[in-house]
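Structure first, then comments.
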Amino acid sequence: DTAVSQTPKYLVTQMGNDKSIKCEQNLGHDTMYWYKQDSKKFLKIMFSYNNKELIINETVPNRFSPKSPDKAHLNLHINSLELGDSAVYFCASSQEVAGGQDTQYFGPGTRLTVL
Amino acid sequence: SQKIEQNSEALNIQEGKTATLTCNYTNYSPAYLQWYRQDPGRGPVFLLLIRENEKEKRKERLKVTFDTTLKQSLFHITASQPADSATYLCALPISGGYQKVTFGTGTKLQVIP
């Protein structure tokens with residue numbers, strides 16, 4: 001049973017297009033995240049939702065819009081794709097514990113290539 | 001500003017030796033620190049969490065230390081095996097209204113048979 005799943009695994013598209021990545025977790029966690037991992041392998045947080053509410057919104061272009069229809073799903077929609085958006089996007093989830101968030105569980109990643 | 005540093009150079013060691021990876025942080029005092037493993041083409045996988053009041057944590061061949069005075073964590077793999085080859089990331093919570101976990105850049109470990 002996959003704990004955190006993402007679709008698609010690979011996404012190749014032209015500049016200027018709009019695309020979406022979907023994420024689902026079956027762990028019953030309250031918090032979900034989107035991370036971007038660039039070519040230098042640096043993993044940077046983009047957004048976080050807690051019980052469907054946006055709680056972390058890092059400096060990300062407003063072409064990126066997350067949406068959480070329920071606490072088990074967090075989707076990422078990207079408008080007007082640019083070359084610099086090419087990266088691997090990871091979804092993750094965690095459960096809030098006393099003192100902060102607990103272990104993060106990551107999905108397999110979506111490799112986005114913008115041509 | 002708050003910063004997390006891991007040795008960005010790859011670490012190559014012989015099979016059977018102990019691998020030691022370093023995570024340094026500056027300008028804050030995290031309540032805990034985590035270590036993750038990432039294999040090529042996959043998402044990071046949690047390995048160990050150590051809290052600020054713990055000096056050391058072990059799990060099978062893994063050992064993590066946390067020195068809040070030096071602001072450093074060491075991650076050890078004893079009796080290393082080629083299957084331990086991966087990138088290892090440390091992660092710390094950074095306060096900012098709502099705690100979030102921020103990852104270091106990772107250190108790539110290569111265990112040579």
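What you see is a predicted model; the values in this text were computed from it and never measured. A note on names: the letters A, B, ... follow the listed sequences, proteins ahead of strands, and every chain is numbered from 1.
Neither the backbone nor the side chain of A:K44 comes within contact range of chain B, judged by heavy atoms closer than 4.5 Å. Contact annotation for A:Y105: neither backbone nor side-chain heavy atoms come within less than 4.5 Å of a heavy atom of chain B. Proximity to chain B involves both the backbone and the side chain of A:L43, based on heavy atoms less than 4.5 angstrom apart.
Around NZ of A:K22, the count of heavy atoms belonging to other residues, nucleotides or ligands within 6.0 Å does not exceed 12. Within a 6.0 Å sphere centred on CD of A:E53, heavy atoms belonging to other residues, nucleotides or ligands number 12 at most. By the 6.0 Å contact criterion, NZ on B:K71 is enclosed, its count of non-hydrogen atoms from other residues, nucleotides or ligands being greater than 12. The number of heavy-atom neighbours closer than 6.0 Å to NZ of B:K3, taken from other residues, nucleotides and ligands shown, is 12 or below. Counted within 6.0 Å of NZ on A:K71, heavy atoms from surrounding residues, nucleotides or ligands total more than 12; the atom is thus considered enclosed. Heavy-atom contacts from other residues, nucleotides or ligands closer than 6.0 Å to NZ of B:K108 number 12 or fewer.
B:V45 and B:Y32 fall into different hydrophobic clusters, where Ile, Leu, Val, Met, Phe, Trp and Tyr side chains are chained together by heavy-atom contacts under 4.5 Å.
Atom NZ of A:K41 and atom OG1 of B:T105 lie 13.0 Å apart (nearest 0.5 Å).
Between B:F103 and A:Q37, every side-chain heavy-atom pair lies at or beyond the 4.5 Å cut-off. Side chains of B:V101 and A:Q104 form a contact here, defined as non-hydrogen atoms less than 4.5 Å apart. Proximity of B:L89 to A:F42: side-chain heavy atoms (C-beta onward) are nowhere separated by under 4.5 Å.
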I'd like to know whether A:F106 forms a side-chain contact (heavy atoms from CB on, under 4.5 Å) with B:Y36, so could you lay out the CA-CA distance, the side-chain angles of the two residues, the decisive distance to 0.1 Å, and finally the verdict.
CA-CA 10 Å; A:F106 283 83; B:Y36 289 78; 4.1 Å; yes
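The choice from A:A92, A:G109, A:P108 that makes the most heavy-atom pairs within less than 4.5 Å of chain B is A:P108.
Here the closest non-hydrogen pair linking B:G43 and A:F90 is CA-CE2, 3.2 Å.
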